[in-house]
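Notes for the one structure printed next.
This structure is a prediction, so every number in the text was calculated from the model and none was measured. Chain letters run A, B, ... following the sequence lines, proteins first, then strands; residues in each count from 1.
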2 protein chains.
Amino acid sequence: MALKATSIDIAYRAGVSQSTVSRALRNSPLVNLETRERIQSIAKELNYKVDKNASNLRTQNCKTIALLLCEDPTNDDSLINPFFLSMLGSITRATAQQGYDLLVSFQQLSSDWHGDYEDSNKADGIILLGYGDYLDYESKLEKLLEQNTHFVIWGAEHNNKSVLSIGCDNFQGGLIATEHLLDQGRRQPAFLGDSSSHSPEFRDRYLGHSRAMKQAGLPLNKKRQFSAISTEASGFEAANKLLDSGLAFDSIFAASDLIAIGAIRALKELGISVPEQVSIVGYDDIPVASFANPPLTTVKQNTQLAGEILVESVLKLIKGEAVKAQLIPTKLIVRESTRPLGIQLNS
Amino acid sequence: MALKATSIDIAYRAGVSQSTVSRALRNSPLVNLETRERIQSIAKELNYKVDKNASNLRTQNCKTIALLLCEDPTNDDSLINPFFLSMLGSITRATAQQGYDLLVSFQQLSSDWHGDYEDSNKADGIILLGYGDYLDYESKLEKLLEQNTHFVIWGAEHNNKSVLSIGCDNFQGGLIATEHLLDQGRRQPAFLGDSSSHSPEFRDRYLGHSRAMKQAGLPLNKKRQFSAISTEASGFEAANKLLDSGLAFDSIFAASDLIAIGAIRALKELGISVPEQVSIVGYDDIPVASFANPPLTTVKQNTQLAGEILVESVLKLIKGEAVKAQLIPTKLIVRESTRPLGIQLNS
DNA sequence: CTGAAAGCGCTTACAG
DNA sequence: CTGAAAGCGCTTACAG
């Protein structure tokens, strides 16, 4: 491999000092325009690139954000919630737009990652995208706070107000999903998903659901809530529990699309038709949602916007600017898994 | 933010020289065990982390791999082929296992990324995961070669033998998919997917398909091949062209699951039943495949293994060891979109 | 507008 | 086993 060109090589060829080369490459107006252009063209010719390690060491920042995907160790690759992958896409893009690099790491909850990034100057700040049990990594967050790490976390608002969280408005999402079911004449929606503080996002969706019931003057039957984590299998299981319970229900609000898809399978196996007998709304609008059978009505989170805001927020944190938690609005995507009660299509 | 501790701070507290601290932290046997342990405990206490920029600058490597996802600019986030996201997961894991960091970037084909990573010492090597038109970035690869960059590319074997490619055995995949259809008594399989050198992976799947036909002594009707890129919409369109063509066919081998899913939709719209009238095999085993209706028989690529081999290969390249192109075997996953001809299930 | 010089925080040959 | 010293390749205050 040919030796890498350094700023000194360029200085030599250009007949100027190394300092001038450095200035010229950063396009400093201090350097005579003509000299600047000459230096830049020599740099191009030599295929010169500024050594990041050297410049970062000097400036003490590294223009890099670390993204930690904290996952449940029981999950295998193929089970990664597609929603997170979509977030990953938008975060990558947003980071690049800001001229930063993105270091990605999948972390087991168990591993000792706190501080591993910013303290070693590998990243200027951290974005945490977590799934799995929320309470499990509370203590890690505390440590990050202690160490004054710049980080934001995706999800519901945190108990500790110093933790900056950015998330979609799960309460509103739960509200509009349920309102949609009620608007279509459903009166007994079941909720599939954890509603405890272990999954604050699901819990907020459930709270929105409850609010919608209340607004409509309908009683909320807490028994019609069945816990589930965000997998198809768990949704299938939860739906079966609902069916076995013997409780009356005319619709389902599933806390995630995967849960909804599992629920549809459970209903189909018993010959219950969706949406005629039971309407179903999911959450996330993952790619599968539109291919489900029937295509799933769901609450879409704006991952594009979410990624941008996450990145913007860490960047502000890094610059020492004030940032506050934000809730990103959600949108209902109506497809064929919900239908007004009593209306029969002739097909 | 509290000032970050440096090795000098530790040296001061430990009453030794900074050199000794550096050695002790790297667990050098040169340092007296007792001293070593004392230094390490002080480091822990101070929450000291080696500054990566400084150590990388010194050692001239950075223990980082860059992953470039080269995408078709027309795609939006949600359309990223789920297969690539699964690869991303396994690559992240494999990189971490080797003690390396992963820098991820989504790159437009248009942008000027060659050399942007290794030349600037941001990464020691590059993994290229591309989708979109293959021929478009040939020239970029040439440049990377010129610059002696350490890189591997996911996909079919490359014309230029100096380019190290790692990929699943697409020929074998096409072969087993088609053999499966023929074994079940199908005689006129159509192929949906590009078969030109613009998409060498699809082309190889088509070649495997052709081989299976030949082995079975069946004529290959080239008209039964309809181009498609890996999206549901394109699969839908290609299937409609097939239907419009009036050509007889009793089964479809789709070059990707997304194409297969689009094709199923097209068939259903015309009331053609899958698998009774037309059997369909897809490719990739993306998460959606098992939720499709009917669940899709498909060729699974071992992404876990693929990620490991990709990472291992760049690492070897970096160390200057010899590496050669590898083909990873594929596996047929039989689900309900294929069924032996003539057998009727009473359901 | 330009240059000489210091220094970011490490690692490692060299000397003892 | 340990220390003094050089140096990785930059950026930037200082001086002119």
Quiz item: How close or far is atom C1' of D:dT11 from atom NZ of A:Lys63, stated in whole angstroms?
Solution: 15 Å

Exercise. Return the value, rounded to whole Å, for the distance between atom CG of B:Asn61 and atom P of C:dC10.
Key: 16 Å

Exercise. Hey, which sits more toward the 5' end of DNA chain D by its nearest nucleotide, B:Ser17 or A:Thr20?
Key: B:Ser17

Quiz item: What integer number of Å spans the P atoms of D:dA6 and D:dT2?
Solution: 23 Å

Exercise. Under 4.0 Å between any heavy atoms, over every strand shown, what does A:Ser19 touch: base, sugar-phosphate, or nothing? Just pick one.
Key: base

Quiz item: Side chain of A:Asp51, backbone of A:Asn53: donor and acceptor closer than 3.5 Å?
Solution: yes

Practice problem: Using a cut-off of strictly less than 4.0 Å, decide whether B:Ser55 has a side-chain nitrogen or oxygen near OP1 or OP2 of C:dC10. | Solution: no

Quiz item: With a non-hydrogen cut-off below 4.0 angstrom, is A:Thr6 in contact with a base, only sugar-phosphate, or nothing?
Solution: sugar-phosphate

Exercise. Output yes when a side-chain donor or acceptor of A:Asp124 lies under 3.5 Å from a complementary backbone atom of A:Ile65, and no otherwise.
Key: no

Exercise. Please work out if B:Arg23 contacts a base, only the sugar-phosphate, or nothing of the nucleic acid, heavy-atom cut-off 4.0 Å.
Key: base

Practice problem: Report the residue (B:Gln60 or A:Thr59) whose heavy-atom-nearest nucleotide on DNA chain D is the more 5′ of the two. | Solution: B:Gln60

Quiz item: To the nearest Å, how far apart are B:Gln18 CD and D:dG7 P?
Solution: 16 Å

Exercise. Starting at atom CZ of A:Arg26, determine the distance to atom P of D:dA13, rounded to an integer number of angstrom.
Key: 11 Å

Exercise. For D:dC1 and D:dA5, measure between their P atoms and round to the nearest Å.
Key: 24 Å

Quiz item: Under 3.5 Å, side chain of B:Arg23 to main-chain N/O of B:Ser28, donor-acceptor pair present?
Solution: no

Quiz item: Considering the options B:Ile309, B:Leu310, B:Leu317, B:Val311, which one meets the side-chain contact (heavy atoms from CB on, under 4.5 Å) requirement together with B:Ser313?
Solution: B:Ile309

Quiz item: With a 3.5 Å cut-off and just heavy-atom distances, do the side chain of A:Arg58 and the base of C:dG9 make a donor-acceptor pair?
Solution: no

Quiz item: Can any side-chain N or O of B:Gln98 pair as donor or acceptor with the backbone N or O of B:Glu312 at less than 3.5 Å?
Solution: no

Quiz item: Between the side chain of A:Ser90 and the main-chain N/O of A:Thr303, is any donor-acceptor distance below 3.5 Å?
Solution: yes

Quiz item: Roughly how many Å is it from CG in B:Asn56 to C1' in C:dC8, rounded to a whole number?
Solution: 14 Å

Quiz item: Which whole-number value in Å describes the distance from A:Asn27 CG to D:dT11 P?
Solution: 13 Å

Self-check item: Stems where DNA chain D pairs, listed by first number, each of three or more Watson-Crick or G-U pairs under 3.5 Å
Solution: C:1-3 with D:14-16, C:5-12 with D:5-12, C:14-16 with D:1-3

